[in-house]
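Here's the structure we're looking at; comments come further down.
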Amino acid sequence: MFHLSVLQLMGTLFAIYIGKNVLDLYRNVQEIKKTGIPYFIAPVCPHRMLYRYSSLFWGPWVENIPGFSFVRYTRHNWNWIRKWEPFEKHGEIFACVSPGATQLFVGDPVAMWDMANKRVEFPKDIGLYKAIDVYGKNVVTTEGKEWRLHRKITAPPFSEKNNSHVFYESLRQAHEAAKYWTAPKNQKDLGAKKPVNTVSTFTDDFMRISLQVIAKAGFSKSLQWPSADGSIKGEVAEGSHMMTFQGSLGMVLHKIIWYIATPKWLLRNSPFKFQQDVYTAVNEWREYMLEIYREKKQRLDKEGPDALLHGGDLMDSLVPREVPEGTPFADGKKDGLTLPEILGNTYVFMLAGHETTAHTMHYTLIFLALNPQYQRKIQAELDALYPDPNTELNYERDYPALADGWVHAALNETLRLYQPVIHIPKTSYEPHLLKTRERGDIMIPPNWNIEISTMGAHRNPRYWSPHTDAYMPERWFSSKEAEDVSTWRPTDKDEKRLKKPVNGSFMPFSEGFRACLGKKFAQVEMVAVMAEFLRNYSVELAVDERKESWEQVAERTKKDFDQCFITITLSLTNTIPLSIVRRGEERFAGKVGSL
């Protein structure tokens, strides 16, 4: 009897659960019908973590079963796999309606631009970012008055003075990386007249470049590259530290997903050493930051308020604005950041500017290896700008020209096709009008999950034809004449060679009030590294002509290049080896990549 009662209770609860879900789905469907937005129905909420990550395994097998087509546009990584396809099928704006929520997908640049510039009406869904409050609140994880304060204080360090530091440190990193890549240990027998330097560690190497540029600009720390035996000169754990500065920072940036997703007690007591190391690294890096903070604080207390005025790094700007913890916002009393907020902003600055720029530089080299004709264009322009190969690049003199030419066009085209962040989460807490291209003004109901799809906008054929999916840096030039720096004759001093895309059609750094603070920082770093490297070296596909043709390797590389997955940013699944050769020693300079 008791057994029967338990079954009856479970059956009743299950029926209530199903009934509630059916009712919620009905209400959500009626709500979206009023807007006229195209939609499809998912019987489960795709926002739930269990569904999202488990679908990585079963999604490919289920999505083609009749009745389960919703899986195509809800399973993990679908944004990258499908690219423009769902927008072509449903329209530039469409929605997924489930019992738990309505999720709006926006690939319309008009709507994207409108949302980006309506910060109050369509705020960032900061609930999705709370996990990165690892050290404290920051400019990414706050909204409203709190966000305005964080932005006010964290914006000044991104100055032209700091950009100059970034430029010169990036040149140094390009030199160090080239030495590392052309070391004897990287020489491979590829059937050429002599061994060819072939590198398979670009993912880690560009992470190192970006990390070291940020360490210099953020904390005035100069970090070193490994020597031939893999050791790093002078890099030892200091004092009572269990990890080096570089080691703890690298692990915090590369493995932070484990710290975010795993209970801290489990991470600390994990049987796996790498998880224990992640826990240790997070605490070690906090201690390193506190040491830098205390050193800055002592100088400030000893020398007065102007002591850090001319330092130029991130900590120099944040420490003088410290306020005690618990200082209220009321009556404008809080005009600074608490110590946890200083550490939180320092961390998110490292996180946001590290993997994104590293991947973009890495992917640009892959594109140039697949399309040698564009590498030749870049190098011809660099030769025209700097006929003397010994000319040392100067930020004030040279960056404006580099940022308005083939180097930047190549980087922009990489960011268009392989943007690090492929969607930007937004929400609305009240009904608000949204401008759209296809449907005019639409009233968006409250509490919808909104996904600004940079992937959709960047591959929208209305704005990026012809050959939307092809790598074509020339599409960034304002005219055919602008492609050649030696014959470019601007009609006025403000005319640029590179054109400005239609508002909302290109948003790798977001736009509007919440646009990336470090946009210029990242652009300076990437342009400087690529220009300095390509002045002296070329990158090629690693082809062993005894076994395969260049065309065969190119086709395989394209397939590997398309196999990406989304963690915090868009990352490669497969390793793609590339060869590094001195200018003039190219084996495949005459090849032309296919669209």
Side-chain angles (χ1 to χ4, degrees), residues 174-209 225-230 358-380 382-383 389 410 413-414 417-418 467 469-473 529-530 532-565 571-595:
H175 279 294
E176 293 299 315
K179 285 197 301 185
Y180 184 71
W181 292 332
T182 55
K185 72 182 183 69
N186 288 320
Q187 291 183 350
K188 302 286 190 301
D189 179 11
L190 296 180
K193 293 181 179 179
K194 61 180 182 179
V196 180
N197 291 298
T198 303
V199 180
S200 299
T201 57
F202 282 112
T203 297
D204 291 339
D205 295 343
F206 275 106
M207 292 281 197
R208 183 183 299 277
I209 290 173
W225 276 75
S227 59
D229 63 1
H359 286 339
T360 301
M361 291 186 286
H362 178 194
Y363 299 167
T364 299
L365 283 194
I366 297 174
F367 273 126
L368 294 180
L370 284 166
N371 300 275
Q373 71 271 27
Y374 295 126
Q375 186 165 209
R376 295 194 296 271
K377 291 274 191 182
I378 293 172
Q379 291 171 330
L382 292 172
D383 291 345
E413 186 69 346
T414 301
L417 294 171
Y418 279 69
H467 309 298
D469 292 329
Y471 184 77
M472 297 174 59
V529 169
M530 299 304 292
E532 186 66 16
F533 174 72
L534 292 171
R535 286 178 71 194
N536 301 295
Y537 297 91
S538 292
V539 60
E540 297 189 308
L541 297 178
V543 180
D544 186 339
E545 292 186 282
R546 297 168 298 186
K547 302 175 182 177
E548 296 177 287
S549 67
W550 185 91
E551 288 74 15
Q552 288 174 315
V553 174
E555 283 305 308
R556 187 177 69 249
T557 300
K558 287 179 185 178
K559 291 177 182 177
D560 287 343
F561 198 13
D562 194 50
Q563 298 301 305
C564 290
F565 65 96
S571 304
L572 286 179
T573 302
N574 302 307
T575 298
I576 298 177
L578 298 173
S579 295
I580 304 296
V581 297
R582 280 274 182 187
R583 292 274 305 274
E585 297 180 4
E586 295 89 349
R587 295 192 294 154
F588 308 108
K591 295 292 183 180
V592 176
S594 59
L595 295 175

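Between E413 and A470, the closest heavy-atom pair is OE2-O, 3.2 Å. For M361 against I209, the heavy-atom pair with the smallest separation is CE-CG2, 4.2 Å. Shortest non-hydrogen contact noted between S571 and H359 is OG-NE2, 3.4 Å. Nearest heavy atoms, R583 versus L534: NH1-O, 3.4 Å. The shortest heavy-atom contact between N574 and D560 is ND2-OD1, 3.5 Å. Here the closest non-hydrogen pair linking L578 and A369 is CD2-CB, 3.8 Å.
At least one donor-acceptor pair under 3.5 Å links the side chain of E540 to the backbone N or O of F588. In this structure a side-chain-to-backbone donor-acceptor pair under 3.5 Å is missing from T364 to T414. Remark: the backbone N or O of F561 is paired with a side-chain donor or acceptor of Y418 at under 3.5 angstrom. Judged by distance alone, the side chain of R587 and the main-chain N or O of V543 form a donor-acceptor pair under 3.5 Å. In terms of modelled atom types and a separation under 3.5 Å, the side chain of Q375 and the main chain of V539 share a donor-acceptor contact. Judged by distance alone, the side chain of S549 and the main-chain N or O of Q552 form a donor-acceptor pair under 3.5 Å. In this structure, Q373 contributes its side chain and G593 its backbone to a donor-acceptor pair below 3.5 Å.
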* Given side-chain contact (heavy atoms from CB on, under 4.5 Å), test D205 with W225 step by step and report yes or no. => CA-CA 9 Å; D205 295 343; W225 276 75; 4.1 Å; yes
* Evaluate the side-chain contact (heavy atoms from CB on, under 4.5 Å) criterion for residues M530 and T360: first the C-alpha distance (whole Å), next the side-chain angles of each, then the deciding distance (0.1 Å), finally the verdict. => CA-CA 11 Å; M530 299 304 292; T360 301; over 6 Å; no
* **Intermediate values then yes/no, side-chain contact (heavy atoms from CB on, under 4.5 Å), Y180 and V199** => CA-CA 10 Å; Y180 184 71; V199 180; over 6 Å; no
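Using a 4.5 Å heavy-atom cutoff, the side chains of L541 and L370 are in contact. Contact annotation: the side chain of M472 approaches that of Y374 to within less than 4.5 Å [non-hydrogen atoms, C-beta and beyond]. Between K558 and E555 there is a side-chain heavy-atom pair separated by less than 4.5 Å. With a 4.5 Å cut-off on side-chain heavy atoms, E551 and K591 count as touching. Here the side chains of I378 and L368 are in contact, with some heavy-atom distance below 4.5 Å. Looking at E176 and R208, their side chains never come closer than 4.5 Å, going by heavy atoms from C-beta outward. Using a 4.5 Å heavy-atom threshold, the side chains of R535 and Q379 count as separate. Counting only heavy atoms from C-beta outward, the side chains of N536 and R582 approach each other to under 4.5 Å.
With rounding to the nearest 0.5 angstrom, the CD1 atom of I366 is 8.5 Å from the CZ atom of F202. Taking CG of N197 as the reference point, atom NZ of K185 lies at 10.0 Å (rounded to 0.5 Å).
Every residue meeting the ring pair (Phe, Tyr, Trp, His ring centres under 6.0 Å) condition with F533, not counting sequence neighbours, appears here in chain and number order: W181, Y537.
With salt bridges taken as basic N to acidic carboxylate O contacts below 4.0 Å, one links E585 and K194.
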